[in-house]
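Quick notes on the structure that follows.
What's counted below: heavy atoms across the whole structure, side chains too, no hydrogens, waters or symmetry copies. Here is the naming used below: chain letters follow the sequence lines, and residue numbers restart at 1 for every chain.
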There are 2 protein chains.
Amino acid sequence: MSGEQTRAALISAAIQALREDGFAGSSARVIAARAGCNQALIFYHFGSVPDLLVAALEQVSASRLDAYRGLLGHTATIAGLVDAARTIFAEDLAAGHVRVLTELISGAQSVPGLGERIRACLDPWRGFAQTAMASVLADAPVQVPAEQAAYAVVAGILGLELLAQLDGDQSAALAVFDQARDFGAVLDQLRPLASLLRRKQGGS
Amino acid sequence: MSGEQTRAALISAAIQALREDGFAGSSARVIAARAGCNQALIFYHFGSVPDLLVAALEQVSASRLDAYRGLLGHTATIAGLVDAARTIFAEDLAAGHVRVLTELISGAQSVPGLGERIRACLDPWRGFAQTAMASVLADAPVQVPAEQAAYAVVAGILGLELLAQLDGDQSAALAVFDQARDFGAVLDQLRPLASLLRRKQGGS
DNA sequence: GTCTATACTTGGATAGAC
DNA sequence: GTCTATCCAAGTATAGAC
């Protein structure tokens, strides 16, 4: 097997391990067993276990960001955006992409310097979320800064992942998305009424 | 030192350890060092490390639930509820109460049966959140089932904790609460307008 | 690049003295 | 109820053969 193949197999195994064994259970031996290769190769290719885990996060993050970027600009309404996001998030839940992140955030507490590197991986997401929120909140019926909205959405996704993981059930998390879509649709419809309200308040 | 005192010291040390070292770093030796006692006492008093961690979660959960229950029934508006919740949540962020939960949820992946016990601890919170949401959404301008709203709020709190932990900064999480308060205030004000809208839609 | 073997450290858990 | 001492399993990491 070529070096590149082994690297890829280890990264894939690390993702699986974080998903199914958690950060605490993602030891070099466990990951190597999942990859079907020797434990020493982790240190040869990546230097240390945390370094491999970060590489795994970087790969997942980059590939999923591509998927989500496809959403941007294709919808002008809140409901449309939520709807599109739901589809991709359903994939994430099923494949455990977000869990890679939540496990690493939790685990970062026990490895000095790890938090900084995870934050670097998460930063593009924050920018993306902010752009997406800004595009849809620009003429929203309620004044909501894109910054706070984006922060809340990212937090919400992380939290939904944690709960889905705890319950071993994703349907409740997806139901929240469905509800958010309906809620967003009402906001979309309320735009004219809300601008009326704003004028009334501004004059008081 | 009496047995009860040691038990309490160990639970307190376990909370500290989960907070500052994470689940992966909360070993028997680390916790015992924080408690200023011998590592063997953990097994004497609690049987195993996970058992101690669950006991820690149970204590935090019970004491915080008391704090939050004080909110219920004292406010009829969304803005009022969010406002009150913000104060208590600020304490939680500072003291790391929620982190005990997030670390355990993440860590549950690597300890068979742990997830079930955490869920048992979280269940009363879900009931509480649902009651709180129902009390405030009953005559809300938008139809939102209390069940989904409660699920979203719990997820949001977990996610905000994760982000605050990653950033080492709580202000952004609290800013989301402030924004939610303003947003809730608008919903509170929109009630008459929304009922008008509903009648209009129903007749079309 | 990959394996075996191994050194070293840390963690869970128990036995037995006090 | 608490401590010391200890066993054993599992973890990280490296050296060296292939």
Side-chain angles (χ1 to χ4, degrees), chain A residues 1-57 103-104 106-115 117, chain B residues 1-57 103-104 106-115 117:
Chain A
M1 204 191 274
S2 84
E4 269 313 300
Q5 277 178 321
T6 301
R7 267 189 75 96
L10 282 172
I11 287 181
S12 174
I15 294 171
Q16 279 293 104
L18 282 171
R19 217 176 93 73
E20 290 172 26
D21 305 311
F23 179 87
S26 295
S27 69
R29 285 175 160 87
V30 166
I31 295 171
R34 282 187 184 276
C37 75
N38 193 275
Q39 163 248 356
L41 287 177
I42 289 175
F43 302 96
Y44 175 77
H45 284 289
F46 297 93
S48 75
V49 173
D51 286 346
L52 167 57
L53 298 180
V54 168
L57 175 61
E103 287 292 337
L104 278 176
S106 300
Q109 221 66 26
S110 60
V111 180
L114 183 54
R117 303 172 67 186
Chain B
M1 204 191 273
S2 84
E4 270 312 301
Q5 277 178 319
T6 301
R7 266 188 74 95
L10 281 172
I11 286 181
S12 174
I15 293 170
Q16 280 293 106
L18 281 171
R19 218 176 91 75
E20 290 173 26
D21 305 312
F23 179 87
S26 295
S27 69
R29 286 173 161 86
V30 165
I31 295 171
R34 282 187 184 276
C37 74
N38 193 276
Q39 164 248 357
L41 287 176
I42 289 174
F43 303 95
Y44 175 78
H45 284 289
F46 297 93
S48 74
V49 173
D51 285 347
L52 167 57
L53 298 180
V54 168
L57 174 62
E103 287 293 338
L104 278 177
S106 300
Q109 220 65 26
S110 60
V111 180
L114 183 53
R117 303 172 69 185

*Where along residues 46-54 of chain B does a heavy atom come under 4.0 Å from DNA chain C, residue by residue in number order?*
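The stretch gives B:Ser48, B:Val49 as the residues lying under 4.0 Å from the strand, ordered by number.
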*Within the distance-only criterion (no hydrogens, no angle test), does the side chain of A:Gln109 pair as donor or acceptor with the backbone N or O of B:Asp21 below 3.5 angstrom?*
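Side chain of A:Gln109 to backbone of B:Asp21: no pair is present.
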*Take A:Ser110 and B:Phe23 through the test side-chain contact (heavy atoms from CB on, under 4.5 Å) and record every step on the way to the result.*
CA-CA 8 Å; A:Ser110 60; B:Phe23 179 87; over 6 Å; no
*asked:* Looking only at the side chain of A:Thr6 (C-beta and beyond, no hydrogens), which of the listed nucleotides C:dT2, D:dG11, D:dT14 gets closest?
replied: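 Taking heavy atoms from C-beta onward, the closest nucleotide is C:dT2.
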*Measure from the side chain of A:His45, starting at C-beta and using heavy atoms only, and say which of C:dC3, D:dA5, C:dT2 lies closest.*
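Of C:dC3, D:dA5, C:dT2, C:dT2 is nearest to the side chain of A:His45.
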*asked:* If you assign A:Gln39 and B:Gln39 each to the DNA chain D nucleotide with the nearest heavy atom, which residue ends up on the more 5' nucleotide?
replied: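 Whichever sits nearer the 5' end wins; that is B:Gln39.
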Spacing between [X] atom [atom1] and [N] atom [atom2], to the nearest angstrom:
{"X": "A:Arg7", "N": "C:dG1", "atom1": "CZ", "atom2": "C1'", "result": "13 Å"}
{"X": "B:Leu41", "N": "D:dC3", "atom1": "CG", "atom2": "C1'", "result": "8 Å"}
{"X": "B:Ile42", "N": "C:dG12", "atom1": "CD1", "atom2": "C1'", "result": "10 Å"}
{"X": "B:Gln5", "N": "D:dT2", "atom1": "CD", "atom2": "C1'", "result": "14 Å"}
{"X": "A:Asp21", "N": "D:dG11", "atom1": "CG", "atom2": "P", "result": "10 Å"}
{"X": "B:Phe43", "N": "D:dA5", "atom1": "CZ", "atom2": "C1'", "result": "15 Å"}
{"X": "B:Tyr44", "N": "C:dG12", "atom1": "OH", "atom2": "C1'", "result": "19 Å"}
{"X": "A:Asn38", "N": "C:dT2", "atom1": "CG", "atom2": "C1'", "result": "7 Å"}

*May I ask you to say what B:Ala40 touches in the nucleic acid, namely base, sugar-phosphate or nothing, with a heavy-atom cut-off under 4.0 Å?*
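Base contact.
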_Between B:Val49 and B:Ser26, is the side-chain contact (heavy atoms from CB on, under 4.5 Å) condition met? List the steps._
CA-CA 8 Å; B:Val49 173; B:Ser26 295; 5.7 Å; no
_side-chain contact (heavy atoms from CB on, under 4.5 Å), that's the test. Do B:Leu57 and B:Leu18 meet it? Break it down for me._
CA-CA 10 Å; B:Leu57 174 62; B:Leu18 281 171; over 6 Å; no
Determine all donor-acceptor pairs shorter than 3.5 Å in which one atom belongs to a side chain in residues 8-16 of chain B; sequence neighbours excluded.
| unit_1 | atom_1 | unit_2 | atom_2 | d |
| --- | --- | --- | --- | --- |
| B:Gln16 | NE2 | B:Glu20 | OE2 | 3.0 |

Distance-only criterion, 3.5 Å: show the donor-acceptor pairs between side-chain atoms of residues 37-44 of chain A and protein atoms not counting sequence neighbours.
| unit_1 | atom_1 | unit_2 | atom_2 | d |
| --- | --- | --- | --- | --- |
| A:Asn38 | OD1 | A:Ala40 | N | 2.8 |

_Among A:Val54, A:Leu104, A:Val111, exactly one meets side chain to side chain contact (heavy atoms under 4.5 Å, CB included) together with A:Arg117. Which residue is that?_
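Option passing the side chain to side chain contact (heavy atoms under 4.5 Å, CB included) with A:Arg117: A:Val54.
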_Side-chain N or O of B:Ser27 versus OP1/OP2 of C:dT10: is the shortest distance under 4.0 Å?_
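No, outside the criterion.
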